[in-house]
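Below you'll find the structure, written out as structure tokens, and then a few comments.
Chain identifiers are assigned alphabetically (A, B, ...) following the order of the sequence lines, protein sequences preceding nucleic acid strands; residue numbering begins at 1 within each chain.
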Amino acid sequence: MKQFFKKILLFVPFCFALYLIGIVVWGEFIPSRYINNLRYKIGSIGQMQLRLQEAKRIKNVDILFIGSSTAYRGFDTRIFKKYGINSFNLGSSAQTPIQTLYLLKRYLMEINPKLLVIDANPLMLSIDGTESALDIISNDSFNKGMVDMALSINSLKVYHTLLYAWYASAFGKDKLPIDTVRNGDKYINGGFVEHELAFFKHINYEKQEWECRKIQLRAFDKMIEYLNTIGVKYIIVQTPITPKLYASFANNSFINSFLEKRGSYYNFNQLLTLNDSLHFLDANHLNQQGVEIYNNMLAEILLKDNLF
Amino acid sequence: MLFNSIDFAIFLPIVFVLYWFVFNRNIKIQNLFLVVASYVFYGWWDWRFLFLIALSSFIDFFVGILLSKTDIERNRRRLLLVSIVANIGILGFFKYYNFFYENFVTAFTFLGFSIKANTLKIILPVGISFYTFQTMSYTIDVYRNKLTPTKDIIAFSAYVSFFPQLVAGPIERATNLLPQFYRTRSFDFDNSKEGLRQILWGFFKKVVIADNCAEIANLVFNNSADYSGSTLLLGVICFAFQIYGDFSGYSDIAIGTAKLFGFNLMRNFAYPYFSRDIAEFWRRWHISLSTWFRDYIYIPMGGSRGTTWRKIKNTIIIFTISGFWHGANWTFIVWGFLNAVYFLPLILTDKNRINLEIVAKQSLFPTLKEFFQILLTFLLTLVAWIFFRSESLMHAFVFLKGMFSVSLFSLPHFSGIGRTVPIAFLLTFMIALEWFNREKEFALSNFGANRTTLYRWSFYSLIVFMIGMHMQTNETPFIYFQF
């Protein structure tokens, strides 16, 4: 028995060492589409690398926007500029409250906004956050906060990618230059991503429900607690999705009730009247025409209500 | 509790340590601890169904005792009947009630009678087909005087509920497993190492092969009307390896885990896809079930002795029952029947026992003839798997029609085609390793005995790495749990 345990105790670190080497070798040589559980992709959808590079330089803005793709495709900093509002958009692909909390802890103090606008997309409350974690790990420089985020998500894919990111950071492989225009997306200084003008062909949906995960609801509360602790002023908004899709959810009142209790809340699905085709590039994202209507309205509310 | 879950990863070491260090003084206490651990293992899924296992154990234990107290044949038969009716009754209610009821309603509706259908929402208890068969084998063996009935209810309960094989086999015989609960177990280093190797290989087959093949198989079977013949063929090939990896992987984990506790379970798979004919396939696939049917149904019916008609009848009956055991659906019955059709030419020409040894024994590669025999057998099993996997007979026939169409000769095409590259690589790895170790109990058995520790450990680490890189991040249940 003693020998059995001794062998196991020796094998475990041996295996772990080879495992780490394997992660590096695979990450280096095997195309990511062939690997299930390692996804290190610099500058993937959402142009997060460019945004984070800029975030490190930005200081003292009026407004910081944060949220998922509905945020980085929904808040055009150029429109707010016309109202004399300096802003930065820290949205990222499929960003859930777990990642929002990570980004705030890492960048909020430096950016030092007068007002934080949290885009609370209910869909992001119903996913586990793996996709967004992979995006951030691949595009941010390696730091301890990533480990906390990985532990919150507790996914093998995130752990592997984190280990590879650690190696990439140590050997300077995390600084690949990327284009500002990719797949019809153009990165605009300030964090906004403008998509080529497109129109969505509306479809009908069956009745459905937002299925929020407890872990994301808890992360949302932690984020609010964090903001209250450091005394940052914030509002919560819901960027509009196509009216038909929004109407298909039977429990919108639950989401409204949850968000209302956590701060000043503006649901633009209810405040704005938009057209499924004319104002959207897909079911979840505004096109540039929709962005202009939405941002103009938001800017007017911000100014009228003296929110910053 | 699933083997491929964090729960089990915590459960197993705790039980292992308590078993060998805390409850090792007395065999009865050690057995009692195994019963408790097994009930926790099972109750993790749904504790209410523990009652069924306990009931099944009590009935067969007392029937065994009563059988030992009487020599009157009529009474002995009655006791045996009590056990069979109780076990089949439990199985029948939970697994087959709705099937029979729905078919009854359909038949009467067809004849012009109107019957209101009220099916029950019955939850199928995990592994019910396995443990009821295991307990029945005990009573039948006692009835046949092949086994002395036990008076130790704890050992018997441990035999029925032994957690490594409780929910998906191997379906153990009392003659093999029960005596192991009477003997004092001592920790065997080599056997435990072998157990860990077998667990590792089982995990590889389950989480790497089965779960990845399932992705494609599910996609193709769930949207079969949209795909070309070649894509459908690819889907059914993936299903063939999914079910093999899933079930043989479970068996390997079960057998390996039992070894850690000082038990030897029967072999359940012996490289079935290297078989040269269907008879050989059935000697190598789900061996514990095939031999159960052989010993307790087929041979008592006369087996392959007697007239040609009797051989045909017995073969069809045994395969059809085997199909029905897998699930309450006509697809399983047709799957069983189809295998009987494959089997009949061999049994009628007395060629069902010509391939008893593993193929190409002591050779590196098979002969061309053997290769084509293996290929043909595999193709026959593929056609049968279509029925096994399909939702209904109609689905299966449409699938077959789509597969055997001109588009069979086109290139497969579907949204996840890129995933086939790593899966093909992983399958090649598994097949090669199994082929070159086909004379052993399992592919990693006694692996690298003449090599250095560094070589062996590096290889095991490679397998651990492949599991880590290719496992699905959500827990996926084993297919055979539903049986």
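For A:Ile30, no part sits under 4.5 Å from any heavy atom of chain B, backbone or side chain. B:Leu454 touches chain A through backbone and side chain together, each having a heavy atom under 4.5 Å away. With a 4.5 Å cut-off on non-hydrogen atoms, B:Phe465 touches chain A through its backbone and its side chain both. Residue contact with chain A, scored on non-hydrogen atoms closer than 4.5 Å, involves the side chain of B:Leu260 exclusively.
The environment of OH in A:Tyr205 is crowded: more than 12 heavy-atom neighbours from other residues, nucleotides or ligands sit within 6.0 Å. Summarising the local packing, CG of B:Leu411 is surrounded by 12 or fewer heavy atoms from other residues, nucleotides or ligands at distances under 6.0 Å. Within a 6.0 Å radius of NZ in A:Lys244, other residues, nucleotides and ligands contribute more than 12 heavy atoms. Counting non-hydrogen atoms of other residues, nucleotides and ligands closer than 6.0 Å to CZ of A:Phe171 gives a total of 12 or fewer. Heavy atoms from other residues, nucleotides or ligands lying under 6.0 Å from CD of A:Glu211 number 12 at most.
Annotation: maximal heavy-atom pairing with chain A below 4.5 Å, among B:Gly468, B:Gly418, B:Pro422, occurs at B:Gly468.
Taken to the nearest 0.5 Å, the CE atom of B:Met469 stands 7.5 Å off from the CG atom of A:Leu156.
Ring-plane geometry between B:Phe16 and A:Phe5 is classed as perpendicular, the angle between the planes exceeding 60 degrees on a 0 to 90 degree scale with a lower cut at 30.
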Record all donor-acceptor atom pairs with a distance under 3.5 Å between chain A and chain B; write none if the list is empty.
from	atom 1	to	atom 2	distance (Å)
A:Asn36	OD1	B:Arg419	NH1	3.2
A:Asn36	OD1	B:Arg419	NH2	3.2
A:Asn36	ND2	B:Asn212	OD1	3.1
A:Asn36	ND2	B:His470	O	3.1
A:Asn37	N	B:Met469	O	3.1
A:Asn37	ND2	B:Gly468	O	2.8
A:Asn37	ND2	B:Met469	O	3.3
A:Asn37	ND2	B:Met471	O	2.8

